[in-house]
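Throughout, a chain's letter reflects where its sequence line sits, starting with A, and its residues are numbered from 1.
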Amino acid sequence: MRCDEVKQQLKAFSAGELPAPVHRAVQAHVARCASCRAELLRLDALAGVLAGTQTPPVPPGFASRVLASARRRRQAEPVPAWDLLGWWRLASAPIRAAAAAVLIIGVIIGLAMGWAAAPSAGQTSTAARADPLDAYQFDYLGEAPEGSLADSYLTLVSATDEGGR
Amino acid sequence: MRTPSNEELMLRVRDGDSDAFEELVLRHQAEAWRVAYRFTGDTAEAEDLAQEAFLKILDAAPRYKPTATFPTYFYRALTRLCIDLRRKKRPRLAGPFPDAADTSPRPPQQASRAERDALIQAALNSLPADYRMAVVLRYFEGLSGADIAEAMGRSAKAVERLLARARSVLEPLLRPLLDE
């Protein structure tokens, strides 16, 4: 900025009415221009004195150090596998859309399979009335047929039992 | 290609975009550094605070909503860190405030820039934390009363009172420079 431009802005500068970038441009000029500083001191002594100071520049490598710390912090805090909400927030939009599509397709297939496998109304009432043991001819109190696996097991158990006594 | 706004970058950071975070750091490192340095007067402490402010906004990114402008959001995080740091530290009973009489043997206008800066920083350091932050945001960052109020979580009237009290402390301390 030129001195004449800065001098026009000094009143607004001292009242804190300039947009922040313009304020900083005026301040940087005032810090190195004795004539503008003297004018500002006349308008607002404290603003003039403070504007005359120079802040040291940002230390070299500052941004890299911030980014390295951010990376370390992110590595140290993995998102837990069960944190679906956290995963959803961090996932990008295409991944979220794909996940939603897979979920919807899965629900539709599940419903269709359930519908197809469900017995009709007539079948359900017959099955509900029938004794399942009769329906499947399951005689669990009857003697095991000779030569069957159950008969062999019972023979084996009885022999062990008698031997043990 | 259009340059993304700060708020757009912050929304991308929320979605896990590390390039967007890098862009925000590069854009705002100077403000962060200036505020932290003027508040602490110490380069190592200022770097820690400025760095922590960026990490704070990264941690809070999943909850970010663009209700305020990014600078206000960022100044708020930084201001809170600076003031909390000062509250945790014991008050400085005997700071390195240069004796104004030391400059008397020669005319004040001949005081070197380094001496002037040291005198100003020592005067700032003597202020309570909230007065000092109001002065830094007002005189060094050029924020309006409303923006300072937003950053400090105070009302605009409370900020005006802080600034008035800060001026009443600073003016006697900086008398040799004000009378130049």
Item to check | Option that, when pairs with chain B are counted at under 4.5 Å, heavy atom only, ranks first among A/G48, A/S64, A/A51, A/A70 | outcome: A/A70
Checklist entry - B/F74 vs B/F70 aromatic rings, parallel, tilted or perpendicular, using cut-offs 30° and 60°? => result parallel
Item to check | Portion of B/R38 that has a non-hydrogen atom of chain A nearer than 4.5 angstrom | outcome: side chain
Item to check | Contacting region of A/L50 [heavy-atom separation from chain B under 4.5 Å] | outcome: both
Checklist outcome for this item: Residue from B/A32, B/P71, B/A50, B/G145 scoring the most non-hydrogen pairs under 4.5 Å with chain A is B/A50
Item to check | NZ/NE/NH1/NH2 to OD/OE distance under 4.0 Å, B/R154 and B/D130 | outcome: yes
Next on the checklist: Against the six-membered ring of B/F39, is B/R132 placed for a cation-pi contact (under 6.0 Å from the centre, within 45° of the normal)?
Outcome noted: yes
Item to check | Most contacts with chain B, counted as non-hydrogen pairs under 4.5 angstrom, among A/P19, A/P59, A/A38 | outcome: A/P59
Checklist entry - For atom NZ of B/K56, is the number of surrounding heavy atoms from other residues, nucleotides or ligands below 6.0 Å larger than 12? => result no
Next on the checklist: Strictly below 4.0 Å, N to O, side chains only: are A/R65 and B/E47 in salt-bridge contact?
Outcome noted: yes
Next on the checklist: Between B/Y139 and B/R167, is there a side-chain donor-acceptor contact under 3.5 Å, judged purely by atom types and distance?
Outcome noted: yes
Checklist entry - So which part of A/R42 gets closer than 4.5 Å to some heavy atom of chain B, the side chain, the backbone, both or neither? => result neither
Next on the checklist: Given heavy-atom pairs under 4.5 angstrom as the criterion, report whether the side chain, backbone, both or neither of B/I120 touches chain A.
Outcome noted: side chain
Next on the checklist: So for B/E31, is it side chain, backbone, both, or neither that comes closer than 4.5 Å to the heavy atoms of chain A?
Outcome noted: side chain
